[in-house]
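Each chain gets a letter, A, B and so on, in the order its sequence line appears, and its residues count up from 1. The structure presented is a predicted model; accordingly, all values stated were derived computationally and were not measured.
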Amino acid sequence: MKNLLRIIIMSVKFVLYGYAFLLFTMVSVLAGTASGQVKSIDEISIPIQEGELSIQEIFKTIEDKSELRFFYYDRKVDIKQRVELTSGSAIVSDILQEVAGKTNLHFKQINNTIAVNRRPKTKNTNSSEFDDFKTVSGIVRDDSGDPLPGVTVFVEGASSGTVTDLDGRFSLETPDTGYLIFSFIGFQRERVNLEGGNDFDITLKPDDDYLQEVVVTGYGSQIKREVTGNIASVKGEDLAKVQVPSFDAALQGRAAGVQVNQGSGVPGAPSRILIRGTSSISAGSEPLIVVDGFPLTQELTGQGGINSFMSINPADIQDIQILKDAAATAIYGSRGANGVILVTTKSGKEGQSSVNFNYSYGVQEPANMVELASGSQWLRMVDQAFANDGFDRVWDPVVDGGLVSSFVDSPNQYLTREMVENVAANGGTDWLSPLWRQGSIEDVNVSATRGTEKSSYFLSFRYQDHKGLMNAQRLRTYGVRANLDFNILDNLKTGIKNNFNYFENEQGQLGGSSEANPNGGRPDRGNRGGYGAAISGAVPVLPVFMDDGSYFDPFGGRNPIVANLPSNFLDKAENYRNITNLFVDYRPLEGLSIRAEGGIDTWYTKSTYHVSDAIRISRYGEVGNTLRNNININAYATYNKKVDAHAFNLVLGAERQRRNFFRTDARAENLVSSDFNIGETGGNNVISLVTGTFPEFRIQSYFARLNYNFNEKYYAMASFRRDGASVFGRDNRYGQFPALSAGWIISEEDFASNLGPVGFLKLRASFGRTGNADIPNVLENRYVTWPAYSFGSGIIQSVIGVPDIQWEEINTYDFSLDFEAYDARLSGSFGFYQQDVKNMLLLNPIPASQGILLGNSAIWTNIGDLRNRGAEFSLNTVNIDSPGGFSWRTAFNLTLVKDKVMSLVPRLDQNNLGIVQGATITRTGNRLGTYFMAEHAFIDPDTGYEYIYEIDQDLFNETGIIEKTGETILATPAAAQQNRVELEGKSGLPTYFGGLQNTFSYKGLDLTVFFSFQGGNYLYDDNRVEVAGGSNFRADLKDRIWTPDNPDGTLPRQSYLKRTRENEPIARPGSTSLYLQDGSFIRLRNVQLSYTLPASLLSRARIKGGRVYVNATNLLTFTDYDGFDPEVANFDADRQNRNLRQGFIGGNPFPQLRTITGGVSFTF
Amino acid sequence: MKSIKFNSYTFKTVLLLFMTLFWSCDDQWLEEVGTVSNGFSDPRNTQDLEQLVNGALWVAGGSGGFRGIHGNQAIYSATISDVGKLMDELGVVGQDAIDWYGRDFSNNTHSQPTRNWEAGYAVLLAANAVIDWVDRNGPFNDQQSHWTPRILGEAHWLRAWVNFNLVKIFAPPYGADNDAPAIIIKNRLPNSAFDNPAPSTVQEVYDQILADLDQAIALLPEEYDPDRDPPAFVDRQNKMAAHFLAMRVNFQMRNWEQAEEHADVILNSGRYPLNEDPIEAWNKDQFGVKGSEVVFQYVTSGSQTNWKPPVISRWLGYSDPNGRWNLTDRFNNNQIMSLSEHFKSMTGWDNHEEAMNDKRYQQLFISFGPNEDPRPTYQGLNRREVWGHKWYRAGEPEASNRVSSLPLMRSAEAYLTRSFLRFSRGEEAGAREDLNVVRNRAGLEDFTGPMTAEVIEVERMKELVFEDDRLYYLQALEKEIPNGDRGPGGIPWTSRTWQSIPQNEIDLNPNVDN
């Protein structure tokens, strides 16, 4: 932070120095020909009294009685100097001529301004006062050759200037030498040598500098330079470069403050997006996603295996704005606490038409997969662990390993030690490979756009066929978008954006071993186990087939090969999703527009599940229907008004949203046919129907926003939103969310018109309040209704309702400085923010005596404070832009985040306790989700057992204070539990993240290399790190575990019974810090090489543009973490778990994908 | 630029649009979704009340029937008293049982008592939801309103049952220190989730139990009547279960007279004859089916249930190594106690052949000679051991269910209690008669020797071992608790034999101190 302050102070100093410098150089801004309406001073007559007057009095008299204004610099013009006026003329030019004759002053009219300067001293005393100047003239055009009016033209470092007229023409008196500067908003500044002639034909290049972009701000838009909130932008074309099925994954590393972690490589799998880290403990931390003004249905892990964002085709995206500070998000009120992502899709533009075709095909393989023990290795290590326990016989797969299910009648004869030895000796069974393949992703995108004066359209079609790494995984996407706009009247526009997607998702099995058991309360789905079983319970010494050719234990769950045969298992979800938005925009008066928008997002999923009797006692089928509806309507009026240099923009509006959810599942047992469709069930079928509706969520809001700008230099914004939500009690339904922000474009100040290389400098500051209500809709009493005692059903209260709960309140302060230098070759922003979360929606654990046994033994309370601070830095540079055509651009962003719990529940604080979530603790004064486990001390080189540090139990029991005694003790499960310490500074939440992109271009060849990184977090590795007879483990354990031959092993001596030789139980992975690792990584996220085909080649085929490319994602990962992938995302439905246990890697992580794609793209 | 004219058509249209918009944004739209209530259960009809008491019995079993207030407390009283021998050298015993066997109660984080505490208060919440509602509003006026007294009676019974169980687990025995803090009395719905009362004294808890039992006896029907009651009531508590509990509570409080009155009511009803073999009380796994002597049993049965067996059956019950659920170490090969040598010598069951004449020994226990135990972990045992085999009938190899109903009140106990009470007031003939009813059912001859309290006590040990009785019987009689196989001697009846209030309650309840 000190560095940041220093930078700000230096910036201010820099501005002041610049101001001083300008005092000597700047005199006036001149114009000459812009308006024919300006009267010449020859024509203006002003009666003025004769006699001795000061220059000041003369100027004032003229200014009062005309529209003329004098422009001068005090130090150069002595305005107190007195002049005797004698001519008696009332014509201004005469008066000034007389003044000039009697002083050393020189006057020049530019429009209504009269520039006053000292008369230059000339070497040639004979020359006239105009001899210093030459007159240059010319025309300024845009890149299409059309004249550009209003372009400022001035001499670099000099005081004179003009603007171009309606025909783009200018004329100006200049010195013989020096440079002319052409400057116009939206175009790159041009610098031309005056020695090049007197007549100039200048073409200004459009300025793609980010300051001129139009930024969608929520219920309106602004030019970026005017924005006072903190908004990051990502262009659609950048997203399209990363070949991912949905745009969320492509956001990784793209913008400061935006952390995106991909969950896994399962087709349709979501990413987890967090903006500015985690700022809640029990409530959700995910941002609001608004697509074309419509708040999208967001299900964390999606529905039917399809993540919520897959419905938005990345190729349809024009741009994405990420609203980060409260000034930007407060207009979204209660839903803005975790940031807002605004996605704008493409529309047709007037006068433009094109057809685009894009085809790509990619192959995929797992990234960061770990190697598991082979058959012989497995058996050897299990035998060793068994022998370590002192058994004087060999390990038996049935008696000791339980590797045969209860469906086998004579287990001891079915699987013998000899059989597993044979399997191991023959290389062992590789369970994964038969389920596994090289994945592929094929993508076809066709779009067409055209715009006329009356209407425009953008149409697109998408087909994607994603074959996952598992044979059974295949996700086919068909998407159609039609964005239509109509100008019905001059002041009435309407439009519809319709987006339909159909996803056919054949989902493989991911779960671990699970034995068929039809006697459960809910019909069991049979021998389960796919990927998870193949890397765990299906151990490499089990056979696939028995000697008689039948499958080994097909009901047992340890044979994923039979469980995943297409004839035995089907899990398919068909998703239909339609998102339609309609808008009407009416401009009844100049400056006033009224816009009404309505949208509906309907998402229907039909799932089919079928298990054959080859892996289950009977054929079983399920069909599920899920319907999710989300309706949003809003109307708002925007009024623009400009009074002199004051510009106002006022927005007033109202909005309503309702979301609901309904599902039915039918389950049938003893199906007669092996047909996947359940169809008519007859005979001895057991069929059950499960159905559910869930409370509707409703929110209604009123909002207002006022933007003010003075002279396009000083900007201010005030916004206010009032939200009412159905999740809260009657007296607490409404919350108020105000925000204020200001921006100062320092570089627009006269004193700062020349800041050396710095062309643009803007200081922004904001404060705002947003709310978070992302908690389950469970504030009323809930019951568990399925408990059944004897013949009767029962109800059990599972949640205690809390009618007096309110929004979680987040007050955010934000300061930042935006800059552009070296003709926009260097641009960026750095800033600092602080989020103070007050009255957190915290799950407050309640004493057991309250009687909530099932469900939540905690109630939602507004209690506790949290602080989340951070700094964001982004920099874009054009490192090389040679005339030869080679260019090199760099974009870099870095975010630092730090959270701190300021207070929790008084009872917890008083007892020095915190919220313990799994192996983490969240305590006042420390970070969220700090690891809480016994601290590993060493592996005893003599015995191989793990030792941990002891804590002072008496002190802990009396005060809750954890202090190590300095002694070490054997890590038993009880000791590990009782000697947990807070591992300060070690949390699963990253403290920094960012991205670095380099783009190299040369004559149509483009190479983009993009890295993303994050770190400061710790990962808790719970996966396959111990020798166990019932599951597989990592091959590298061989070298890592302690053995008498490897006394320096980093993992403890393995025991089959998990006991020491003295029969003490030993701590398992997960209870000590031994398995905790630094989770930092840098990932080569994307590399793309593309070639734009020469126009000369394409023009014959009437093709406007063509491009071929090769793209690779997740090529390399640099990390010290030795487990599966260090990029993890927690999607637990329990929000507290999701927030606090971000670094926990359990279960069977499905690998991320490494994808190599080739593609072509044509524009017609 | 045009200026806004307030009487223009355009302006009026705009105004109308906005008025429509804001007019429609009334609060009613949000209310339609439903409102948040006071925070605790709010039944809507008699069926809800019925489901609350039914759900309360379910939750008494703990989470999924696994660890609850429905009988697992027998594990503590067995390990603390003198009846069992802990198998800690076999590695099948957890630290919690080792602590209890060592009569060390310093660790209040053990999961069993914690779950008992939690399940107990969950039952109380449901019971209070019923009692509070009816107190405040009277019965619902619906078709089932005639159920209300019975449901209310069940709620009072549940409260008494849970409080009695909890006070035995977590507080000094009655009479040792009646002013000592015991458990938290919950006899009404809390005002809010922050309404956390402090513990009451032992005396206050027993007073509450007696008051609830009075209500339960007054309100509960004699027995299940299919024309009046829902089928679900068949396996729940009737008036006799209330008398049975009142007998136990009064016995514990040394209210001998009242205890005997209640025993009389039960036994004189003639509904619970000891006319079946002992095994018949323990082998029922269907709804609505129980042994003739069973006054109340906790039903954990049914073909569609996935309930797990109560921990008592896993810890104290024997499981066949060839049984369906015992293929590997999945379930139940960690039987932690056999009968103590002390127990066997007191009861004469140290003579296996002779003991086999007792149907209880024969049917409810299993014994293996040296190195005969077929279970791998127990194969090294080099002397005869006698293991409890009362539980887990349904877990036999041929059965598909894992669970069977758990008898919690048998008339045999009432006979033995009354036998003692009759004996203690000098009515030896009556005492002998009651004793012999129990003996005869076990296939034994009438006892004809001189009646003593010890004779009744020994019969009671044989009849009720591992049924949560021994420790509290000794405390009720203010007798020393022998050390059993730990060594000679014993500890006074007032010695520490109870668990501390669980740490998670202490951590979160500001009115409970460490």
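- Ranking B:Arg236, B:Lys186, B:Glu50 against chain A, the residue ahead of the rest is B:Lys186, based on heavy-atom pairs under 4.5 Å.
- For A:Ala725, the part lying under 4.5 angstrom from a heavy atom of chain B is the backbone only.
- B:Leu30 has its side chain within reach of A:Tyr734: a pair of non-hydrogen atoms, C-beta onward, lies under 4.5 Å apart.
- To the nearest 0.5 Å, the span separating CG on B:Asn54 from CD1 on A:Ile795 amounts to 10.0 Å.
- Of the two parts of B:Ala56, only the backbone, made up of N, CA, C and O, holds a non-hydrogen atom closer than 4.5 Å to a non-hydrogen atom of chain A.
- Neither the backbone nor the side chain of B:Gln95 comes within contact range of chain A; no heavy atom of the residue lies under 4.5 Å from a heavy atom of that chain.
- Residue with the most contacts toward chain A among B:Thr109, B:Leu124, B:Asp507: B:Asp507 (heavy-atom pairs, distance under 4.5 Å).
- Ranked by heavy-atom pairs under 4.5 Å with chain B, the first of A:Pro847, A:Pro845, A:Pro906, A:Pro1065 is A:Pro847.
- Ranked by heavy-atom pairs under 4.5 Å with chain A, the list B:Pro231, B:Pro502, B:Gly288 is led by B:Pro231.
- Looking only at side-chain heavy atoms (C-beta outward), B:Leu125 and A:Ile852 come within less than 4.5 Å of each other.
- With a 4.5 Å cut-off on non-hydrogen atoms, B:Ile184 touches chain A through its side chain but not through its backbone.
- Proximity to chain B is limited to the side chain of A:Asn844, based on heavy atoms less than 4.5 angstrom apart.
- A:Gln850 places a side-chain heavy atom less than 4.5 Å from the side chain of B:Asn196.
- Remark: B:Leu52 CG to A:Gln797 CD distance equals 8.5 Å, nearest 0.5 Å.
- Once rounded to the nearest 0.5 Å, the distance linking CG of B:Asn504 with OG of A:Ser849 reads 9.5 Å.
- Between A:Gln978 and B:Asn107, some side-chain heavy-atom pair lies under the 4.5 Å cut-off.
- When heavy atoms are compared at a cutoff of 4.5 Å, A:Leu1057 does not approach chain B at all.
- Interface remark: B:Val53 contributes no atoms to any contact with chain A (heavy atom separation under 4.5 Å).
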